[in-house]
Amino acid sequence: MSIEAEKLFFEARTKADGGQAGIAASLLYDLIARYPDFGKAHSLLGIIYLISFEDHAIAETYFKQAMTLTPAYSATYLNYAELLLSQERYAEQVAVLNKGLETSGIDKDKAYHLFGLMHERQQQFDDALENFQKAIMHSLDDDDILKYQKATERCLMKKRM
């Protein structure tokens, strides 16, 4: 892909990270107009629509497009799985996370955390605990490990109820 496309994507991501979702979206629309097959732009638009604009239907469209155009971009799988978790679409979430785990470079700890949250929501606490433990084992980030430990403690408490 073009270096120009990567530069535009970086600029849009910087704006999005800085709380300027509208500007980031405009930059991404321009990027997609010039490079329609640049899947990372579709993925970032999905995040913006999910988090900033709170439009799950449009976010889902962008995530699906991103997975089609750039299946190796692992971040899309995690973000789309979060959307599916929020809508309690568990079978689809499992499929997306399993596909993501086949993708090189995916943050496995985050994928297992999402599996754990899904099982916790369904009150399948043993499965949730197993996935939170996998998340801990795959993580190299102390803050994330603490988050996964808290999730484990929460599940253990719920299991005892």
Side-chain angles (χ1 to χ4, degrees), residues 1-122 124 127-128 130-132 134-136 138-141 143-144 147-148 151:
M1 191 49 57
S2 162
I3 292 174
E4 179 66 21
E6 289 289 348
K7 286 180 183 178
L8 292 170
F9 176 75
F10 178 77
E11 183 181 354
R13 191 173 67 198
T14 301
K15 295 291 185 191
D17 290 345
Q20 297 176 306
I23 295 170
S26 292
L27 290 169
L28 292 167
Y29 297 141
D30 291 342
L31 173 56
I32 289 171
R34 292 172 62 187
Y35 305 96
D37 293 338
F38 193 72
K40 293 187 331 186
H42 293 269
S43 183
L44 184 52
L45 271 170
I47 294 167
I48 290 170
Y49 273 93
L50 176 64
I51 296 169
S52 299
F53 301 157
E54 298 181 13
D55 190 326
H56 291 189
I58 293 176
E60 182 171 3
T61 300
Y62 280 116
F63 288 141
K64 286 180 176 180
Q65 187 69 18
M67 289 187 303
T68 299
L69 294 171
T70 312
Y73 187 55
S74 60
T76 304
Y77 298 96
L78 297 172
N79 292 311
Y80 185 31
E82 283 190 43
L83 180 149
L84 295 169
L85 175 66
S86 73
Q87 295 181 343
E88 299 180 359
R89 294 165 54 190
Y90 302 129
E92 293 169 84
Q93 179 191 357
V94 168
V96 168
L97 286 173
N98 283 335
K99 181 71 173 165
L101 285 170
E102 296 172 4
T103 306
S104 177
I106 194 164
D107 291 327
K108 288 183 179 182
D109 62 311
K110 291 175 178 33
Y112 288 120
H113 180 242
L114 288 167
F115 273 125
L117 292 173
M118 178 194 70
H119 288 296
E120 182 180 2
R121 285 200 175 163
Q122 296 176 82
Q124 299 168 344
D127 292 332
E130 180 181 330
N131 281 284
F132 291 143
K134 285 180 182 180
I136 290 169
H138 284 280
S139 182
L140 300 175
D141 182 276
D143 291 333
D144 285 341
K147 179 171 73 173
Y148 306 149

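Only this structure's heavy atoms are used, side chains among them; waters, hydrogens and symmetry mates stay out.
For the atom pair NZ of Lys147 and CG of Asp141, the computed distance is 8.5 Å after rounding to the nearest 0.5 Å. The structure places CD of Glu6 at 3.5 Å from NZ of Lys40, a figure rounded to the nearest 0.5 Å. Atom-to-atom distance recorded for Leu27:CG and Ile32:CD1 is 11.5 Å, nearest 0.5 angstrom. Interatomic distance, CZ of Phe63 versus CE of Met67, reported as 9.0 Å (0.5 Å rounding).
For the residue pair Tyr148 and Ser139, no side-chain donor N or O sits within less than 3.5 Å of a side-chain acceptor on the partner.
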- [ ] Take Leu85 and Tyr90 through the test side chain to side chain contact (heavy atoms under 4.5 Å, CB included) and record every step on the way to the result.
- [x] CA-CA 6 Å; Leu85 175 66; Tyr90 302 129; 4.0 Å; yes
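Scanning for salt bridge (Lys or Arg N to Asp or Glu O under 4.0 Å) contacts around Asp144 gives Lys110, with sequence neighbours left out. Taking the side-chain contact (heavy atoms from CB on, under 4.5 Å) definition, one finds that Ser52 meets it with Ala21, Ile48, sequence neighbours left out. Glu102 meets the salt bridge (Lys or Arg N to Asp or Glu O under 4.0 Å) test with no other residue; sequence neighbours excluded. With sequence neighbours excluded, the residues forming a ring-ring contact (aromatic ring centres under 6.0 Å, His included) with Phe132 are His113, listed by chain and number. Evaluation of the side-chain contact (heavy atoms from CB on, under 4.5 Å) rule for Tyr29 yields Ala25, Leu45, Tyr49, Tyr62 as partners, not counting sequence neighbours. With sequence neighbours left out, His119 forms a ring-ring contact (aromatic ring centres under 6.0 Å, His included) with no residue at all. Partners of Gln65 under the side-chain contact (heavy atoms from CB on, under 4.5 Å) rule, at least two apart in sequence or in another chain, are His42, Leu69. Partners of Lys15 under the salt bridge (Lys or Arg N to Asp or Glu O under 4.0 Å) rule, at least two apart in sequence or in another chain, do not exist in this structure. Listed by chain and residue number, nothing satisfies the salt bridge (Lys or Arg N to Asp or Glu O under 4.0 Å) test with Glu11 (two or more places apart in sequence, or in another chain). Residues that satisfy the side-chain contact (heavy atoms from CB on, under 4.5 Å) test with Asp30, not counting sequence neighbours, are absent from this structure.
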Side-chain donor-acceptor contacts of residues 70-80 below 3.5 Å, not counting sequence neighbours, with atom names and distances?
{"from": "Thr70", "atom 1": "OG1", "to": "Gly39", "atom 2": "N", "distance (Å)": "3.0"}
{"from": "Thr76", "atom 1": "OG1", "to": "Ser43", "atom 2": "OG", "distance (Å)": "2.7"}
{"from": "Tyr77", "atom 1": "OH", "to": "Pro71", "atom 2": "O", "distance (Å)": "2.8"}
{"from": "Asn79", "atom 1": "ND2", "to": "Ala75", "atom 2": "O", "distance (Å)": "3.0"}
{"from": "Tyr80", "atom 1": "OH", "to": "Glu60", "atom 2": "OE2", "distance (Å)": "2.8"}

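Proximity of Phe115 to Glu130: side-chain heavy atoms (C-beta onward) are nowhere separated by under 4.5 Å. Inter-residue side-chain proximity for Leu83 and Arg89 is flagged as met; some heavy-atom pair is nearer than 4.5 Å.
Here salt bridge (charged side-chain N to carboxylate O under 4.0 Å, His left out) pairs that include residues 76-87, with residues two or more places apart or in two chains, number zero.
Nearest heavy atom pair, residue Leu44 against residue Ala16, reads CD1-CB, 4.4 Å.
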